[in-house]
Amino acid sequence: MPPTDGPFGPVMPTAELHIHIEGTLEPEMLVRLAARNGVTLPTTDIGELRSRYRFADLQSFLDLYYANLPVLRTEADFYDLGRAYLERAAVAGVRRAEIFFDPQTHMANGVPLAAVFGGLSAALADGAARDGVSADLILCFLRDLGAGAAEETLAAALPFREHFIGVGLDSAEVGHPPSLFRDVFGRAAAERLRLVAHAGEEGGPEYVWEALDELAAERIDHGIRAMEDPRLVGRLRDEQIPLTVCPLSNVALRVVDALEAHMLPAMLEAGLRVCLNSDDPAYFGGYIDDNLEAVRRELGLSDAQMATLARNSFDACFAPDDAKERWKAEVDDYAARNAPAAG
Ligand code: HPA
Ligand code: ZN
C-alpha cells in the first residue's frame, strides 16, 4: 500500500498525469548508468551536473535532456528509471501515474523498442504490486521530427499495443503546430488509444485550439497560455477539458517570470479542470509533492483549492471509473481529517 503519511504529516492523494519518465533521470542515476554502459559524460561530478540544470527556455532544456539519454541502453536501465520514479511518486501521495516516454529518442540511440517497453512495463507492474501505484504509459511523438516520423513510430509501436494506453505530442512546440499530426492522431484513435497533447506551453492559444479541434485531444498538457484567449477559456471550462499544469517547470523554463506570477489561481478561479504535475522533476527542482507545496506556499492556495487540484487529477485520469471514485473518496477523507477543528 502507498504511504499515507509523509515526513511532515499526511500526504494528499493525487494522480500525476504529466510526467516524462526521461525527465526523472537524476544526476546520480545518470552517472551510475553511464558507468554501467561505458558511456562517457562531460563530468561525473554530481554537483557540477546539477549546476548545468539552468535553462533559458524550452529548447535549452531539451538540448540537455536529449544529450543525457544515451546512457539508457538496456531493458534493465528502463526498469531502474521507472522503478525509481514510482518509489518516489508513492512517497509523494501518487495513486495513479500516466507516464510519458519518448521512443524516438531511444530508437535513434540504437535501443530496441522491446527493451524500452520491457523495462518500463516491468517497473509499472512492480510499482503496482509493491507501492500500490496504478500506472500506464503514454507514447509521445517528438513534434520537431515531423508527422512522417510520428507515423513510423506508431507503426513500430503497435506490436506493443498492450503496453501503452495513449499517445501524446511533446518536444519543441513553436513552429510545430498540432495540426501537422492530425492523421497520425486519427490512426491512434482508430487503435483505441487515448489522445493528449502538449499545447500552450511556449506556443500560443491557437495551438490549444488546434489540439482540440484537429487532434481531438482529451487533455491538454500545460495549456497555460490558453488564459490569453477568453473564448478558449470558456470552451475549456464548458467542456471541462483537463489541463495538466506544471508550475516548477514553467518557472524553470521561464514560461512564467516567477511562481508568484503563475496563472494557476486565475485558472482555478475560471473554473478550469486544472491538476498539478512535475513534468521533468530531475531537471526542474522537484516532484509532484514539491510542486503542490510550492503553490500552496507561494500562491497561498487554500486547503479547499488543494483538494480541488487532487480531485481534478483523478477526474482527468484514464483509469476505470470505480478506481477514480475510490481515489476521490480518499481525497475527501484527507480533506476532512485536515480541516481545522470547528469552534
Ligand atoms: N515540454 C515539451 N517537451 C518535453 C518536455 C516539456 O516540458 N519535457 C520533455 N519533453
Ligand atoms: Zn511535458
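Residues: numbered from 1 along the sequence shown. Below, each value reflects all heavy atoms present in this structure, side chains not excepted, and no hydrogens, waters or symmetry copies. Ligands are counted one by one from 1 in listed order, and the atoms in each one are counted from 1 as well.
Of the N or O atoms in Asp279, one or more lie within a sub-3.5 Å distance of an N or O in ligand 1. Of the polar atoms of His18, none of the N or O atoms is found under 3.5 Å from an N or O of ligand 1, judged by distance alone. For the pair Ser171 and ligand 1, the shortest N or O to N or O distance falls below 3.5 Å. At under 3.5 Å, not a single nitrogen or oxygen of Ser249, backbone or side chain, sits near a nitrogen or oxygen of ligand 1.
Nearest to atom 1 (N) of ligand 1 among the protein's heavy atoms is Glu201 OE1, 3.0 Å. Asp280 OD2, 2.7 Å is the protein heavy atom nearest to atom 8 (N) of ligand 1.
Among Asp170, Leu58, Thr105, the residue whose heavy atom sits closest to atom 6 (C) of ligand 1 is Leu58.
When each of Asn277, Thr244, Asp279 is paired with His222, the side-chain hydrogen bond (donor to acceptor under 3.5 Å, both in side chains) condition holds for Asp279 and for no other.
Not a single heavy atom of Asp221 sits under 4.0 Å from any atom of ligand 1. Not close to ligand 1: Phe100, with no non-hydrogen atom less than 4.0 angstrom away.
Remark: side-chain polar atoms of Asn312 are not paired, donor with acceptor, to backbone N or O of Cys275 under 3.5 angstrom.
Rounding to the nearest 0.5 Å gives a distance of 7.0 Å between CD1 of Ile220 and CG of Leu236. Note that the CZ atom of Phe101 and the CG atom of Leu113 stand 7.5 Å from one another [nearest 0.5 Å].
For the pair Arg194 and Phe164, the cation does not sit on the ring face, since its NZ or CZ is not both under 6.0 Å from the ring centre and inside 45° of the axis.
For ligand 1, the atoms lying closer than 4.0 Å to a non-hydrogen atom of His222 are 7 (O).
Using cut-offs of 30° and 60° for the angle between ring planes, the Phe78 and His106 rings count as perpendicular.
Summarising the local packing, CG of Asp238 is surrounded by more than 12 heavy atoms from other residues, nucleotides or ligands at distances under 6.0 Å.
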Exercise for the section: Apply ring-ring contact (aromatic ring centres under 6.0 Å, His included) to the pair His176 and His198, showing each step before the final yes or no. Expected result: CA-CA 11 Å; His176 311 282; His198 282 56; over 10 Å; no
Practice task
Begin from the C-alpha positions of Phe61 and Tyr283 and carry the test ring-ring contact (aromatic ring centres under 6.0 Å, His included) through to its verdict.
Solution key: CA-CA 8 Å; Phe61 155 68; Tyr283 294 90; 5.3 Å; yes
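Side chains of Leu142 and Tyr66 form a contact here, defined as non-hydrogen atoms less than 4.5 Å apart.
Note on the Zn ion (ligand 2): protein N/O/S atoms under 2.8 Å are His18 NE2, His20 NE2, His198 NE2, Asp279 OD1.
Of all the heavy atoms in Glu202 and Arg225, the pair that sits closest is O-NH1, 2.7 Å.
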